[in-house]
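Comments concern the structure below.
Nothing fancy with the numbering, it's 1 onward along the sequence. Because the structure is a prediction, the values reported are computed rather than measured. Worth knowing before you read on, the calculation uses all heavy atoms, side chains too, and leaves out hydrogens, waters and symmetry mates.
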Amino acid sequence: MLDWEFAFARAPLNDIGNFLRYSSRQLPEYESGLIEGYVQAGGILPDDWRRLARLVDLINLLDFLGRPDPTGAVVRDVLPLLQGILREYA
């Protein structure tokens, strides 16, 4: 599957962080299935992959808020995600 919405060349942890952004709302298999498939396909994850992926996604979330005129819906969606990351790693 190819997703060209945010196409760019960066570390795979960026995609993993993006994919897992709402994983707390999903069944546990959502995360474990992605990681299992990634590793089985030859992907290599550092020991602290989950933390790194969340921190990389933090940059993406801040970018949403840093756009010239973020909509109210974007702000309402992004702020709780930012707060969750900050609580988790503060």
Side-chain angles (χ1 to χ4, degrees):
M1 170 173 51
L2 293 175
D3 177 3
W4 294 103
E5 181 179 5
F6 299 109
F8 59 92
R10 260 196 210 159
L13 285 174
N14 189 76
D15 291 323
I16 292 171
N18 190 333
F19 187 84
L20 296 178
R21 182 176 294 158
Y22 297 102
S23 62
S24 64
R25 301 178 187 175
Q26 307 295 329
L27 295 173
E29 293 83 8
Y30 181 80
E31 179 179 310
S32 64
L34 169 73
I35 298 307
E36 181 180 321
Y38 180 75
V39 171
Q40 285 180 357
I44 298 171
L45 293 170
D47 291 338
D48 59 347
W49 68 265
R50 184 177 285 109
R51 181 183 66 85
L52 293 172
R54 295 273 287 161
L55 293 175
V56 169
D57 195 44
L58 174 63
I59 296 167
N60 295 327
L61 295 172
L62 291 171
D63 180 59
F64 288 135
L65 293 180
R67 294 182 180 172
D69 191 20
T71 66
V74 168
V75 173
R76 282 190 302 275
D77 189 44
V78 169
L79 283 180
L81 294 168
L82 288 172
Q83 291 166 340
I85 293 171
L86 294 174
R87 271 193 307 273
E88 193 172 338
Y89 295 105

Over all heavy atoms of both residues, which pair between [X] and [Y] is shortest? Give the atoms and the distance, please.
{"X": "Leu61", "Y": "Val78", "answer": "O-CG1, 3.6 Å"}
{"X": "Tyr22", "Y": "Gln26", "answer": "O-CG, 3.6 Å"}
{"X": "Phe19", "Y": "Tyr30", "answer": "O-OH, 3.0 Å"}
{"X": "Trp49", "Y": "Glu31", "answer": "CH2-OE2, 3.6 Å"}
{"X": "Pro80", "Y": "Asp77", "answer": "CD-O, 3.5 Å"}
{"X": "Pro46", "Y": "Leu13", "answer": "CG-CD1, 4.3 Å"}

Reported [atom1]-to-[atom2] distance for the pair [X] and [Y], which is rounded to 0.5 angstrom:
{"X": "Asn60", "Y": "Leu55", "atom1": "CG", "atom2": "CG", "value": "11.5 Å"}
{"X": "Asp63", "Y": "Arg67", "atom1": "CG", "atom2": "CZ", "value": "4.5 Å"}
{"X": "Leu58", "Y": "Leu52", "atom1": "CG", "atom2": "CG", "value": "12.5 Å"}

* Can you establish whether the number of heavy atoms outside Asp47 located under 6.0 Å from its atom CG is more than 12? =>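 For Asp47, atom CG is not crowded (no more than 12 foreign heavy atoms under 6.0 Å).
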* Asked: In terms of heavy-atom contacts, does CG of Leu86 have more than 12 from other residues, nucleotides or ligands at under 6.0 Å?
  ->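 Counting neighbours around CG of Leu86, more than 12 heavy atoms of other residues, nucleotides or ligands fall under 6.0 Å, so yes.
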Is there side-chain contact between [X] and [Y], with at least one heavy-atom pair below 4.5 Å?
{"X": "Val75", "Y": "Phe64", "answer": "no"}
{"X": "Asp57", "Y": "Leu81", "answer": "no"}
{"X": "Asn18", "Y": "Val56", "answer": "no"}

* To do: Please list all pairs passing the salt bridge (charged side-chain N to carboxylate O under 4.0 Å, His left out) test where one or both residues lie in residues 80-90, with sequence neighbours left out.
  =>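 For residues 80-90, and leaving out neighbouring residues, the salt bridge (charged side-chain N to carboxylate O under 4.0 Å, His left out) pairs sorted by first residue read Arg54-Glu88.
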